[in-house]
Amino acid sequence: MRDTTSPVDCSRTDCLIFNRDYQDILKYAGANSFDLIWRYHGGETIKNIRARSVIRIEIQYRGEKKRFYLKRHNRECVVFRRLLAFFYPKLALSQGLREFGNICDFRKYNLPTVAPVAAGEKFSRFFHVRSFLITEDFSPFISLEDLLRDRPQFLTGKDGVARKKILIEKVALLARRMHQEGFNHRDFNATHILLHYGNGSDIPKTALFDLQRVDRRRFLKFRWMIKSLSELNYTLPDGLFEAEDRIYLFQAYKGKSRLRCWDRLQWFWITRKTIRIRKHTEKMMMRREEKKRRGLPER
């Protein structure tokens, strides 16, 4: 079973930060410098847009096949962050190092997430930086999105309805724990929630990934629940998830069996936010399709 919560022991160089547990395999693969990793060719392309690309890499190491994901962020402008770094030297300037740091912080607080392998950043100009992040493949965990798309029958029927209720509760508790520890995953949806059902169990282990956008601004904490549950609510498909399932998600997060006046106001806020997310997403998809039709690159 994958380790989801152990703290990360890091080693740093000028452009790189490594998880010490993976230094030997990176050295074996000839991937122990920024330029070697950045120029890596091969692997399976998972995503390739203007801002970033993601590829899946397989390495045979000591008789075992290892799989990793390499996320490369193309050149970005970091004027404000670079200036702030003069006063806060530990500030993560690039997307790659920021996500690596978020993963490490999640694990520090016993919040389950993927295993970070390495990250790096390199400036091409004073205010422009390229960066990357490597994480290990998290099989046998799969995303909630994949489960809902490929195995909807797992949550239907008499046994499936019971499994669905357990799943909703586990995901709600994961969100609550994350918020209690001072973190808010700003893309808390079915795509980024990981699940594993082991040995015929109906109780899944849960984890989160894609921690590029994590909010720690506690003065906005009152909005975290609204945003997270709205995002998740939008990505739970109609038909498979009824109104009572969605309300139970909210109740499980709150730890309540009955909703009082303030709770009902919050739930109304969540449903309205869900509608706004749906409308915004539909507009974005229409724009994306229009760009594809015109042959324009996706940002």
For this session: Begin from the C-alpha positions of Arg186 and Asp215 and carry the test salt bridge (Lys or Arg N to Asp or Glu O under 4.0 Å) through to its verdict.
Result: CA-CA 7 Å; Arg186 295 174 64 191; Asp215 187 5; 5.3 Å; no
For this session: Please report the shortest heavy-atom distance between Pro7 and Arg107, naming the atom on each side.
Result: CA-CB, 4.4 Å
Exercise. Are any of the side-chain heavy atoms of Tyr28 and Arg62 separated by less than 4.5 Å?
Worked result: no
Exercise. Got a sec, which residues hit ring-ring contact (aromatic ring centres under 6.0 Å, His included) with Phe123, two or more places apart in sequence or on another chain?
Worked result: none
Exercise. Is the number of heavy atoms from other residues, nucleotides or ligands within 6.0 Å of CD1 (Ile203) greater than 12?
Worked result: no
For this session: Could you walk me through whether Leu174 and Lys170 pass side-chain contact (heavy atoms from CB on, under 4.5 Å), step by step?
Result: CA-CA 6 Å; Leu174 175 62; Lys170 292 287 287 184; over 6 Å; no
Exercise. So, Glu136 and Tyr69: side-chain donor and acceptor under 3.5 Å apart, yes or no?
Worked result: no
For this session: To the nearest 0.5 Å, tell me how far Ser131 OG sits from Lys122 NZ.
Result: 13.5 Å
Problem set entry | Close side-chain approach of Gln212 and His73, heavy atoms under 4.5 Å | yes
Exercise. If you draw a 6.0 Å radius around NZ in Lys27, do more than 12 non-hydrogen atoms from other residues or ligands fall strictly inside?
Worked result: no
For this session: Indicate the ring-plane relationship of Phe132 and Phe34, choosing parallel, tilted or perpendicular according to the 30° and 60° boundaries.
Result: tilted
Problem set entry | Lys227 with Glu231: basic N within carboxylate O range, under 4.0 Å | yes
Exercise. CD1/Ile103 to CG/Leu111 distance, rounded to the nearest 0.5 angstrom?
Worked result: 12.5 Å
Exercise. Parallel, tilted or perpendicular: which describes the rings of Trp269 and Phe222, with under 30° parallel and over 60° perpendicular?
Worked result: tilted
Seminar exercise, completed: Nearest heavy-atom contact between Tyr61 and Asp24 is OH-CB, 3.5 Å
For this session: Applying side-chain contact (heavy atoms from CB on, under 4.5 Å), run through Phe68 and Tyr22 and close with a yes or a no.
Result: CA-CA 11 Å; Phe68 302 93; Tyr22 294 90; 4.0 Å; yes
For this session: Assess whether atom NZ of Lys256 is packed by more than 12 heavy atoms of other residues, nucleotides or ligands within 6.0 Å.
Result: yes
Exercise. What is the minimum heavy-atom distance between Tyr253 and His179, and which atoms define it?
Worked result: OH-ND1, 2.7 Å
Exercise. Would you call the rings of Phe183 and Phe106 parallel, tilted or perpendicular if under 30° counts as parallel and over 60° as perpendicular?
Worked result: tilted
Exercise. Is Lys164 paired with Asp245 through a side-chain N to carboxylate O contact shorter than 4.0 Å?
Worked result: yes
Exercise. Do other residues, nucleotides or ligands put more than 12 heavy atoms under 6.0 Å from the CZ atom of Arg276?
Worked result: yes
Problem set entry | Atom CZ of Phe268 with >12 non-hydrogen neighbours under 6.0 angstrom | no
Exercise. Do other residues, nucleotides or ligands put more than 12 heavy atoms under 6.0 Å from the NE2 atom of His280?
Worked result: no
Exercise. Does the pair Lys254 and Gln251 meet the rule for a side-chain contact (heavy atoms from CB on, under 4.5 Å), with working shown?
Worked result: CA-CA 5 Å; Lys254 300 276 287 187; Gln251 290 176 311; 5.8 Å; no
For this session: With rounding to the nearest 0.5 Å, note down the distance linking CE in Met178 to NE2 in His185.
Result: 7.5 Å
Review item, side-chain donor-acceptor pairs of residues 149-158, under 3.5 Å, at least two apart:
from: Arg149; atom 1: NH1; to: Asp146; atom 2: OD1; distance (Å): 3.2
from: Arg149; atom 1: NH2; to: Asp146; atom 2: OD1; distance (Å): 2.9
from: Thr156; atom 1: OG1; to: Gln153; atom 2: O; distance (Å): 3.1

Exercise. Does Lys165 make a cation-pi contact with Tyr248 (under 6.0 Å, within 45 degrees of the axis)?
Worked result: yes
Exercise. Any side-chain donor paired with an acceptor under 3.5 Å for Thr45 and Asn48?
Worked result: no
Exercise. Do you know which two heavy atoms are closest between Phe209 and Thr191, and how far apart they sit?
Worked result: CE2-O, 3.1 Å
For this session: Could you check Phe100 against Ile17 for side-chain contact (heavy atoms from CB on, under 4.5 Å), going step by step and ending with a plain yes or no?
Result: CA-CA 9 Å; Phe100 188 96; Ile17 180 169; 3.6 Å; yes
Exercise. Taking Thr113 for the side chain and Leu208 for the main chain, is one N or O donor matched with an acceptor at less than 3.5 Å?
Worked result: yes
Exercise. CG/Asn189 to CG/Asn233 distance, rounded to the nearest 0.5 angstrom?
Worked result: 12.0 Å
For this session: With Glu290 as reference, evaluate Arg287, Arg294, Met286 under the side-chain contact (heavy atoms from CB on, under 4.5 Å) test and give the passing residue.
Result: Arg294
Exercise. So, are Arg246 and Asp238 salt-bridged, with charged N and O less than 4.0 Å apart?
Worked result: yes
Problem set entry | Ser94 and Glu121 side chains, donor-acceptor separation under 3.5 Å | yes
Problem set entry | Worked verdict on Asp35 versus Ser33 for side-chain hydrogen bond (donor to acceptor under 3.5 Å, both in side chains) | CA-CA 6 Å; Asp35 290 332; Ser33 77; 5.7 Å; no
Problem set entry | Gln60 and Lys66: side chain donor to acceptor below 3.5 Å | no
Exercise. Can Ser6 and Asp3 be said to form a side-chain hydrogen bond (donor to acceptor under 3.5 Å, both in side chains), step by step?
Worked result: CA-CA 7 Å; Ser6 292; Asp3 173 22; 2.6 Å; yes
Problem set entry | Joint cluster assignment, Leu240 & Ile247, ILVMFWY side-chain distance < 4.5 Å | yes
For this session: For residues Phe141 and Thr206, determine if any side-chain heavy atom of one lies less than 4.5 Å from a side-chain heavy atom of the other.
Result: no
Problem set entry | Atom of Pro204, atom of Leu195 and distance for their closest heavy-atom approach | CB-CD2, 4.3 Å
Exercise. Looking at CD1 of Ile57 and CD1 of Ile134, how far apart are the two atoms once the value is rounded to the nearest 0.5 Å?
Worked result: 6.0 Å
Exercise. So which heavy atom on Ala115 is nearest to which on Phe138, and how close?
Worked result: N-CE1, 3.9 Å
For this session: Please check if any side-chain donor atom of His192 sits under 3.5 Å from a side-chain acceptor atom of Asp187, or the reverse.
Result: no
Exercise. Looking only at atom types and distance, does a side-chain atom of Glu99 sit under 3.5 Å from a main-chain N or O of Leu211, one as donor and one as acceptor?
Worked result: yes
Problem set entry | Separation of Ile270 CD1 from Thr274 OG1 (nearest 0.5 Å) | 7.0 Å
For this session: Inspect the contact between Asp202 and Arg163 and indicate whether a charged nitrogen and a carboxylate oxygen are less than 4.0 angstrom apart.
Result: yes
For this session: Verify the distance criterion only: is there a donor paired with an acceptor across the side chains of Arg216 and Asn102 at less than 3.5 Å?
Result: yes
